[in-house]
K.L.:
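Handing you this structure, nothing more for now.
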Amino acid sequence: MLDRKFVIENAEAVLQNCANRNVSSDVGKIVELEKQRREKLQETEKLNAEAKARSKEIGQAKDDAERESLKEAARQLRADKDAAQKAHDEMDAQIREIELTIPNMAHPACPVGVDDKSNLELGHGKHKPSEFDFKPLDHLELGEKHDWIDFEGGARTTGQGFYFLKGDLVLLDFALQQYAITQLSARGFVPTITPDLARDSVLEGIGFMPRGPETQIYSVEGMDISLIGTAEITLGGLYSGKTLMDTELPIKLCGISHCYRTEAGAAGRASRGLYRVHQFTKIEMFAFTLPEQSDAMHEEIRQIECDLFDAIGVPYRIVDTATGDLGGPAYRKYDLEAWMPGRGDGGEYGEVTSTSNCTDYQARRLNIRYKEKGKKGTRFVHTLNGTAFALSRAIIAVLENNQNADGSVTVPEVLRPFIGKDVIGVA
RNA sequence: GGAGAAGUGGCUGAGUGGUCGAAAGCGCCUGAUUGCUAAUUAGGUGUACGGGUCAAACUGUACCGCAGGUUCGAAUCCUGUCUUCUCCGCCA
């Protein structure tokens, strides 16, 4: 959510931004409604002040007659005030409804375009895609060969898109988690295991739609909680409604959680294997910062993502996401797309991480503020998130890039201490 | 899951229908004073949204977990809800 005053005072820029993001919001209506709302607010407050004054006089009334007449006057004023209040609240609700549809403003350097075709490639990782002197398998073929992944069993027990991970792949999964947690911890991100469910109000604050036909989220029947699609939700919700001290910031967290996604409407884009699944584990970075820290923090998180994927020997490219592909909360977003030799014909890049600077967009919805010592008032914090490893996709990248002619997979050196093997899938 | 108790300002904690944004203490800030990492003393010290101003000063409204209700008037009474604590049950 944007600041209401900002929207009113910069209606044209906000409208242009909506267009750039391929979102339609009735900004003009907000401007008009807000003007009316303020008038109504003043009327309400005036009536209320008047009613309060009468009520106070009742306590000191000389006699019953005077008391009764004051009561009547107060009753009338209160009724008028209630009517004005109601009108005001209705306008306020209408404004808020529109406000919720307005996306965050975009970083000035953000490539402008209505969809991902305008995404800008910023650079590549340390490693180049391998030249295999054999025909590389995709991760599903590798998984089948070694009995690592069982989608059939997943479908039988749970449903399409669920899977069992088995054997050495489990060790690889844990190794990636451990490595990420170790690295992030060393860089000041506090390891944090979060709930896998969150209140719908928190989901909404982060920018997800918990229910409805377009939802990507599994919700729990009869309760206002849902399975989270990412730890961003719970980590962001962690300080909802709180006012932090500026000296506490930045707060850097390394979230560990399962992620559940319905992937509704993704059928046409269905991908083989682990690429698009209903449940996976994710190690997620999250930061609460001062406004002036968020740009630098965003670069820091992006750099960590690069370091992690460089460390596990996966080739990738960095993408600066175009305005139309940013989603609602992001001010700027970088994706890492890993080279996946088994994807498409002869390999393709596939998204493995994403880091967003959401500035104060989520903080305003979640009401997360900070206070500067000695200064009056509070301001909203900035929030940022970024993927360290999404297990499933990181596994794809490791398996496909490090495979050998015999179908075994060389374990990236940094992961070996956690696995205890140099190679997995040896016949 | 069952039964109780409680949720007040940065903290502790008063307040059971009117003059309460809320006593007191602590903490914090400012000044005074004492030559000594402190004591004493005076004053100040919440947030949000409006009005006002170049900016302040100043000023209106709301906020005593949250949402409703009763009443001329609610921190105070009623209902619901959330959270916390205690006891019981169950259980990894």
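Residue numbers start from 1 in every chain, and the chains themselves are labelled A, B, ... in the order their sequence lines are given, proteins ahead of strands. None of these values were measured; they are calculated from a predicted model.
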K.L.:
Just by distance, do the side chain of A:Asp168 and the backbone of A:Trp148 share a donor-acceptor pair under 3.5 Å?
P.N.:
no
K.L.:
P atom, B:C29 versus B:A38: distance in rounded Å?
P.N.:
12 Å
K.L.:
Take atom C1' in B:C90 and the same atom in B:G13, then report the distance between them in whole Å.
P.N.:
38 Å
K.L.:
C1' atom, B:G60 versus B:C36: distance in rounded Å?
P.N.:
50 Å
K.L.:
Could you write nucleotides 43-65 of chain B as a row of B, S and -, 5' to 3', where a protein heavy atom under 4.0 Å of any base atom gives B, of only sugar-phosphate atoms gives S, and otherwise -?
P.N.:
----SS-SS--------BSS---
K.L.:
Say we look at B:C66 and B:C82: how far apart would their P atoms be, to the nearest angstrom?
P.N.:
15 Å
K.L.:
Are the side chain of A:Tyr370 and the backbone of A:Thr378 linked by a donor-acceptor contact shorter than 3.5 Å?
P.N.:
no
K.L.:
What interatomic distance, in whole Å, is found between C1' of B:G89 and the corresponding atom of B:A14?
P.N.:
38 Å
K.L.:
May I ask you to decide if A:Ala51's main-chain N or O and A:Ser55's side chain share a donor-acceptor pair within less than 3.5 Å?
P.N.:
yes
K.L.:
For RNA chain B, report each stem as range with range, ordered by first number, or say none. Use Watson-Crick or G-U wobble pairs under 3.5 Å, at least 3 in a row.
P.N.:
B:1-7 with B:82-88, B:10-12 with B:24-26, B:27-32 with B:40-45, B:46-51 with B:58-63, B:65-69 with B:77-81
K.L.:
Here's a test for you: under side chain to side chain contact (heavy atoms under 4.5 Å, CB included), which of A:Leu384, A:Leu122, A:Thr353 qualifies with A:Arg302?
P.N.:
A:Leu122
K.L.:
Between atom CZ in A:Arg54 and atom P in B:U19, what is the gap in whole Å?
P.N.:
16 Å
K.L.:
Give a yes or no on whether the ring-centroid distance for A:Phe286 and A:Phe189 is below 6.0 angstrom.
P.N.:
no
K.L.:
Taking A:Tyr275 for the side chain and A:Glu351 for the main chain, is one N or O donor matched with an acceptor at less than 3.5 Å?
P.N.:
yes
K.L.:
Would the A:His298 and A:Tyr334 ring centres measure less than 6.0 Å apart?
P.N.:
yes
K.L.:
Using a 3.5 Å distance criterion without hydrogens, assess whether the side chain of A:Thr387 forms a donor-acceptor pair with backbone atoms of A:Ser354.
P.N.:
yes
